[in-house]
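Following: one structure in structure tokens, then a few remarks.
In what follows, chains carry the letters A, B, and so on, assigned in the order in which the sequence lines appear, proteins first and then strands, with residues in each chain numbered from 1.
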Amino acid sequence: MSSPGNEIRITLPDGSVRTTTRGSTGADVAASIGAGLAKAALAVKVDGELKDLDWPIQKDAKVEIVTRKSEEALDLIRHDTAHLLAQAVQALYPGTQVTIGPNIEDGFFYDFARNEPFTPDDLPKIEAKMRELVAADLPTKRTVWERDKAVAHFRGLGEQYKAEIIQDLPANEEVRVYYHGDWHDLCRGPHLMSTAKIGLGFKLTKIAGAYWRGDAKNAQLQRIYGTAWRDEKELAAHLQRLEEAEKRDHRKIGKEMHLFHIQEEATGQVFWHPKGWALYRTVENYIRRKIERGGYNEVKTPQLIDRKLWEESGHWENYRPNMFIAEVDEGTDHARRILAVKPMNCPGHVQIFKQGLKSYRDLPLRLAEFGACHRYEPSGALHGIMRVRSFVQDDAHIFCTEEQIVDETKKFVELLTEVYRELGFESFITKLATRPELRGGTEAQWDHAETALENACKTIGLPYTINPGEGTFYAPKLEFVLRDAIGRDWQCGTIQLDYVLPERLDAEYIAEDGNRRRPVMLHRAIVGSLERFIGVLIEHHAGKFPVWLAPVQAVVATIVSDADAYAKEVTAHLKLSGLRVETDLRNEKINYKVREHSLAKVPYLLVAGRKEAEERTISIRRLGSEKQETMSLDALTNLLIAESTPPDLR
RNA sequence: GCUGUUGUAGCGUAGUGGUAGCGCAACGCCUUGGUAAGGCGUAGGUCGUGGGUUCAAUUCCCACCAACAGCACCA
């Protein structure tokens, strides 16, 4: 229903309708509503699409004026700030080529090609230039170019990357070039109407190398990251959040709480200290109970396995660069034997499966292992205990029939959800990684496998997103992702459907009809690597673990030395109940002890003074509370036992 | 692996071409104090490793190792 002639009908978000001339802009509409709105307007949404404020509206449409308060404002501001960054960089460092500058979470980046490296000292200079450009209030102007002319123009300026981008634009897409003052850049838009609209809520945060088009085979560009907000107050709040996140860093807390360390002579491997190992074992034993009850059989397979098996499994061909190789002299004829330290547990589990003929009645057969795996990870990938070269997976392989896939997947996802919940993770992300370009197996197998994973998510009501083309070459997979304190995502759990390995390693079972069949193999892990998971756990709780996980669950601290004997007795008593308790008899004041153990994040401080020793009681103070509570030794023991009981045993 | 930055006592840090300070922790002495740092004192460092320049290197240069941030890779 279009209006006649030069009139068009504009529908505003409140449902009201206005008539205006064809070709009116968002700015016109805003002005017609009020001067305040006209001033506040940043852009306009026409039928749901973000447009420049001076975009002529040609037909009846729903129109919404976007202001600083709108949700879209941040995206607009960030994108304009990216342009501002590029403009500042080219002003300060002539000859620098611009490439792309998209928005990311909390900000933006822009990739530049320049022979000289940027240094951290450059950031304040660039930032100052950006502020200058904001103050100059440079007007934005949108122009549309003919494609060949644009390519020639940018090439003439020495902007090879931009020229390449224009050439690769879809044929039906308009080539738009935006001017901010004299400076111009290829861009789809929309943009704010002037640099002043950006405001000063931005900050450049870091410099890094990044490959052109994300491919390590291409040239490496220099990326400058920034964050941008509606105003300086929002920026300050964001920086504050980052600081808070840093305090949760598992590497920092791991050191402070004496959980583990890593040193040069064993990079990418963890030295677990007594306290960290207590935490580790608590998690491991918990998982062990969960899988035992889930119908798994725990096994243990060798660390060093002959090259021959890895050749059969395909690892020698596909995974060799990541494998640690051991070579031994067999003694005679200089015969060398080559073994590989296992990077995965699957081939070992297939060997166990193959011992003795299996019947369909044996399936599903679930073999689990806390398997220590070694992988030679690139040095730049190492990160605390989250990404290491030696780690233990809560690994298991389910050998089953085609028909059992859906049920087994469902059971696994239920188990995983329960474990995450019991360990304190109410929210996690699930991704379904589907068939990649390079893949084995038939289309029917892939259809079946992907559907099975999808059905499992649906039947238990687990929300998931599709991660297209990210499956492994042999299988689609579900990925379970936990987020760390600094906003980084870590894939922990996974389940993958594998048709290839049973084939390569010749696993089979006797089916109901008496024929030999290949089992399907489900590779699955709940926490993934114990090391990584504990890292996530540390950051998730910021070191303030629930009592059952806490490395030290309580400290008995004395006020006067007269209470020493009683304090020792209390500690011994609690230890007999299986609690992790320490005694602090030091010649320090109680204030000092309270402070120290609070900072050490001990959940319970048990204070013993003369009074408690006489009355055989204890004064307790919980971490995070200033309240004191005095109770009998028996009551205390019961309380601590209750709180330290793992969630699955309650 | 790539780009950039960094590497000083257990931890956190200052500093300089003339062989190193501070805070916390540790240890000793005094203090026995009722819920977030009591006082005084002592000890601890071949300044990541190896070369080079220099009369002299922790400081300047080179190489290597490691850590950190991002990229790429991944549990």
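When the C1' atom of B/G50 is taken as reference, atom CD of A/Glu264 falls 13 Å away, rounded to whole Å. Summarising the geometry, the separation between CD on A/Glu377 and C1' on B/C74 is reported as 6 Å, rounded to the nearest angstrom. If you take CZ of A/Arg610 and C1' of B/G34, they are 11 Å apart, rounded to a whole angstrom. Rounded to an integer number of Å, the gap from A/His258 NE2 to B/C24 P is 17 Å. For the pair A/Asp111 CG and B/U3 P, the interatomic distance rounds to 16 Å; values are reported in whole Å. In this entry the distance linking CG of A/Leu123 with C1' of B/G4 reads 11 Å, nearest Å.
Using a 4.0 Å heavy-atom distance criterion, A/Gly624 is classed as making no nucleic acid contact. Note on A/Gly214: only backbone sugar-phosphate atoms sit closer than 4.0 angstrom, heavy atoms only; bases stay farther off. Among the heavy atoms of the strands lying under 4.0 Å from A/Arg223 are primed sugar atoms or P, OP1, OP2 only; no base atom is included. Among the heavy atoms of the strands lying under 4.0 Å from A/Gln491 are primed sugar atoms or P, OP1, OP2 only; no base atom is included. Among the heavy atoms of the strands, none lies under 4.0 Å from A/Lys252. Nucleic acid contact for A/Leu599: base, since at least one base atom lies under 4.0 Å from a heavy atom of the residue. Nucleic acid contact class of A/Glu470 (heavy atoms, under 4.0 Å, all strands): none. Residue contacts shown for A/Val527 are absent, as no nucleic acid heavy atom lies under 4.0 Å away. Across all strands shown, A/Ser619 has heavy atoms under 4.0 Å from base atoms, whether or not it also approaches the sugar-phosphate. Across all strands, A/Ala381 comes closer than 4.0 Å to base atoms (heavy-atom distances). The residue A/Tyr225 sits close only to the backbone: its heavy atoms come under 4.0 Å of sugar-phosphate atoms, none of a base. Among the heavy atoms of the strands, none lies under 4.0 Å from A/Arg114. Heavy atoms of A/Thr267 sit under 4.0 angstrom from primed sugar atoms or phosphate atoms, though from no base atom. Backbone-only engagement by A/Pro117 is indicated by non-hydrogen atom pairs under 4.0 Å involving sugar-phosphate atoms exclusively.
Residues A/Arg532 and A/Tyr592 both approach RNA chain B. Their nearest nucleotides, taken by heavy-atom distance, put A/Tyr592 toward the 5′ side. When each of A/Val560 and A/Pro378 is assigned the nucleotide of RNA chain B bearing its nearest heavy atom, the one mapping closer to the 5' terminus is A/Pro378.
Ion pairing between A/Arg213 and A/Asp168 holds under the 4.0 Å rule for side-chain N and carboxylate O. The residues A/Glu408 and A/Arg524 are annotated as not salt-bridged, no charged nitrogen and carboxylate oxygen being separated by less than 4.0 angstrom. Ion pairing between a basic and an acidic side chain is recognised when a charged N comes within 4.0 Å of a carboxylate O; A/Lys247 and A/Glu244 show such pairing.
Taking the P atoms as reference points, B/G4 lies 36 Å from B/G21, given to the whole Å. Atom name C1', nucleotides B/G10 and B/A56: the rounded distance is 32 Å, in whole Å.
Nucleotide B/G12 is matched to B/C22 when pairs are restricted to Watson-Crick or G-U wobble geometry with both distances under 3.5 angstrom. B/U53 makes up no base pair with any nucleotide shown, lacking Watson-Crick or G-U wobble contacts both under 3.5 Å.
When all heavy atoms of A/Glu418 and A/Tyr286 are compared, the closest pair comes out as O-OH, 4.2 Å.
Both geometric conditions, a ring-centre gap below 5.5 Å and a plane tilt below 30°, are fulfilled for A/Phe391 over the base of B/A75.
Contact annotation: the side chain of A/His374 never approaches that of A/Arg389 to less than 4.5 Å [non-hydrogen atoms, C-beta and beyond].
Taking the ring centroids of A/Tyr110 and A/Phe112, they lie under the 6.0 Å cut-off.
Between A/Phe533 and A/Tyr420, the ring-plane angle classifies as parallel under the 30° and 60° cut-offs.
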